[in-house]
Number of protein chains: 2
Amino acid sequence: MGTKLETGKKIGKADIRHENEKSILEAAESVFAEYGFKGATTSLIAKRAKIPKANLHYYFPTKEKLYRQVVDNIFNIWLEAANSFDDCNDPADALTRYISKKMDISRDHPMGSKVWANEVLHKAPVIHDYLETTLREWTDTRTAVIQRWIDQGKIAPVNPEYLLYMIWATTQHYADYNHQIETLNGGKPLNARQFEDAKEQVVRIILTGIGIEPGKAQ
Amino acid sequence: MGTKLETGKKIGKADIRHENEKSILEAAESVFAEYGFKGATTSLIAKRAKIPKANLHYYFPTKEKLYRQVVDNIFNIWLEAANSFDDCNDPADALTRYISKKMDISRDHPMGSKVWANEVLHKAPVIHDYLETTLREWTDTRTAVIQRWIDQGKIAPVNPEYLLYMIWATTQHYADYNHQIETLNGGKPLNARQFEDAKEQVVRIILTGIGIEPGKAQ
DNA sequence: TAAAATCCTGACCAATCGGTCAAGATAAAC
DNA sequence: GTTTATCTTGACCGATTGGTCAGGATTTTA
């Protein structure tokens, strides 16, 4: 029949399932980011999600299936920034938006980036198929775009792949290495101002580096 | 009294100790890089070092002490590149050499870089004192050098710390993410030619990006 | 050669972890 | 109201892991 909350909303089984899966996934993301796949324990995830371990295994039968779900979510967020590349054929605009977006993701979803980094570091036992299919296709189309810019003389001749690596490396560094950055920043995370400065500088150096004038665009 | 090898060299206890510690440390570096601290098992390290696990614990009482030793070695190699910064006060030369050196380290000691990355990713439970002391001092003196270049008008005005982060991120990406790079490169590691191209491009984009002409220097 | 120091190793142990299960609680369907 | 489906959980288990230990082997010292 369903009981009621103070708000007056009914709570059904569907809601319970949705709520629990959500809190488990959130807890899992933070624990996997902090300890890696092996180092993470289902009991710690359950504790952070505030449910008994047995209940976690009711929703996610195995640790690996839970992990896959976490990586899936991250990968989708990660690809979300891809759109920035497509809208326009002005390299200054496209790259500025793409780099900015990736910096924002590093700030807003640092744990996701860490899970990904950890996975690649350990030879990607779980996500290897992503690398070979989705990421491969994504990369191929974008390197083609960059190559076109080069052919049109819009940017300096560079190897498109290595340019992408540079963008990925620099932007994700602010998530993956945020502990190191924080320590070097006197123990405090970069504040909003500092982060905007960093973002602006990354855009400026890369754009200038490949021979285009960084615009005011954000 | 010591036995003899085919070479005629005597084998003493000191040699044995040295030999075993070396092979254990090598095995440990690769296993820690591949599986992280938690994921690594002392029995696998022992297996790769071709000695019984009990013997490993004779030389290194605990897994953590072995890990610390590995990180120590890496950190020293990592700081070895620091010299490139000091010799000369021409930014083009200094940065070209520093970036090249860091790229070489990523190629020649990828596992060390991965151990470091893994450690920072997991909030540096073991090396946190390094970050606060040695790395902090190193960074402070180098940002001062960069600031001087700026004040002298030799390079464009940039935030020295964020410039260092960009260099670290981009160069270490070729170690930490080499599995991803390899996959995107058709399953094969970058060959010597490709790696040199990548190195040259990283130098070029960064130097151009901060307003100096990349020389022919290597 | 005898004694001392160092090195080697199979067998073992306590702790932890992923996952199971059975029995109860709650909501949905009829 | 009764049955059925879903959700909850403490107790438990086999497997793995870091680390120990006793006793033997080898080298060094005297």
Side-chain angles (χ1 to χ4, degrees), chain A residues 1-5 7-25 27-29 31-32 34-71 122 125-126, chain B residues 1-5 7-25 27-29 31-32 34-71 122 125-126:
Chain A
M1 279 289 160
T3 43
K4 286 190 172 189
L5 276 180
T7 62
K9 276 194 178 178
K10 267 195 218 161
I11 293 188
K13 295 281 188 190
D15 302 293
I16 289 176
R17 172 157 225 120
H18 185 263
E19 193 82 10
N20 280 341
E21 283 179 348
K22 189 184 154 198
S23 63
I24 291 171
L25 283 170
E29 188 182 73
V31 174
F32 282 132
E34 196 164 347
Y35 301 99
F37 178 75
K38 271 271 196 175
T41 66
T42 53
S43 71
L44 178 58
I45 295 171
K47 194 178 171 187
R48 287 205 189 166
K50 288 169 186 166
I51 58 167
K53 191 183 70 169
N55 202 10
L56 181 150
H57 278 99
Y58 169 73
Y59 287 103
F60 296 91
T62 70
K63 184 183 174 184
E64 187 166 342
K65 277 179 183 164
L66 174 55
Y67 184 71
R68 276 201 96 95
Q69 186 69 55
V70 169
V71 174
H122 301 348
V126 173
Chain B
M1 279 292 151
T3 44
K4 287 189 171 189
L5 277 180
T7 64
K9 276 195 179 176
K10 267 194 216 163
I11 292 188
K13 295 280 189 189
D15 301 295
I16 288 177
R17 173 157 222 117
H18 185 263
E19 192 83 10
N20 280 341
E21 283 179 348
K22 188 183 154 198
S23 63
I24 291 171
L25 283 169
E29 187 182 75
V31 174
F32 282 132
E34 195 164 348
Y35 300 100
F37 178 74
K38 271 273 194 173
T41 66
T42 53
S43 70
L44 178 57
I45 295 172
K47 194 177 171 187
R48 287 207 190 164
K50 288 169 186 167
I51 57 166
K53 191 183 69 169
N55 201 12
L56 180 150
H57 278 100
Y58 170 73
Y59 287 103
F60 297 90
T62 69
K63 185 183 173 183
E64 186 165 341
K65 278 181 182 163
L66 174 56
Y67 185 70
R68 278 200 94 95
Q69 186 69 55
V70 168
V71 173
H122 300 349
V126 173

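Scope of the values below: all heavy atoms of this structure, side chains included, with no hydrogens, waters or symmetry mates. Chain identifiers are assigned alphabetically (A, B, ...) following the order of the sequence lines, protein sequences preceding nucleic acid strands; residue numbering begins at 1 within each chain.
- Side-chain contact check for A:Tyr58 versus A:Lys53: every heavy-atom pair is 4.5 Å or farther apart.
- Atom CD1 of B:Ile16 and atom P of D:dT28 are 8 Å apart (whole Å).
- Rounding to the nearest 0.5 Å places CD of B:Gln69 at 8.0 Å from CG of B:Leu66.
- For B:Glu19, there are no side-chain hydrogen bond (donor to acceptor under 3.5 Å, both in side chains) partners two or more places apart in sequence or in a different chain.
- Here the straight-line distance linking atom OH of A:Tyr59 with atom CD1 of A:Ile24 works out to 7.0 Å at 0.5 Å rounding.
- Note: CD1 (A:Ile24) to P (D:dC7) measures 11 Å, nearest angstrom.
- For the pair B:Asn20/B:Leu56, no side-chain contact is recorded, criterion being any heavy-atom separation below 4.5 Å from C-beta on.
- Within a heavy-atom distance below 4.0 Å of DNA chain C, the residues of residues 38-48 of chain A found are A:Ala40, A:Thr41, A:Thr42.
- OP1 and OP2 of D:dT6 both lie 4.0 Å or more from every side-chain N or O belonging to A:Arg17.
- The separation between A:Leu66 atom CG and C:dG19 atom C1' is 13 Å, rounded to whole Å.
- Applying the ring-ring contact (aromatic ring centres under 6.0 Å, His included) rule to B:Phe60 yields no partners; only residues at least two apart in sequence or on another chain are considered.
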For this session: For the pair A:Lys65 and A:Thr62, evaluate side-chain contact (heavy atoms from CB on, under 4.5 Å) and give the outcome as yes or no after the intermediate values.
Result: CA-CA 5 Å; A:Lys65 277 179 183 164; A:Thr62 70; 3.6 Å; yes
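- Residues satisfying the side-chain contact (heavy atoms from CB on, under 4.5 Å) test with B:Arg68, not counting sequence neighbours, are B:Val126, B:Asp129.
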Under 3.5 Å, sequence neighbours excluded: what are the donor-acceptor pairs made by side chains of residues 36-50 of chain B?
{"unit_1": "B:Thr41", "atom_1": "OG1", "unit_2": "B:Leu44", "atom_2": "N", "d": "3.1"}
{"unit_1": "B:Arg48", "atom_1": "NH1", "unit_2": "B:Ser30", "atom_2": "OG", "d": "2.9"}
{"unit_1": "B:Arg48", "atom_1": "NH2", "unit_2": "B:Glu34", "atom_2": "OE1", "d": "3.3"}

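- Rounded to an integer number of Å, the gap from A:Glu21 CD to D:dT6 P is 14 Å.
- One interatomic measurement links the two molecules: CG of A:Asn20 to C1' of D:dT6, which rounds to 12 Å at whole-angstrom precision.
- Separating the NZ atom of A:Lys50 from the P atom of D:dC7 is a distance of 22 Å, rounded to the nearest angstrom.
- For the contact set between residues 53-63 of chain B and DNA chain D, defined by any heavy atom under 4.0 Å, the members are B:Lys53, B:Ala54, B:His57, B:Thr62, B:Lys63.
- Separating the NZ atom of B:Lys65 from the C1' atom of D:dG18 is a distance of 14 Å, rounded to the nearest angstrom.
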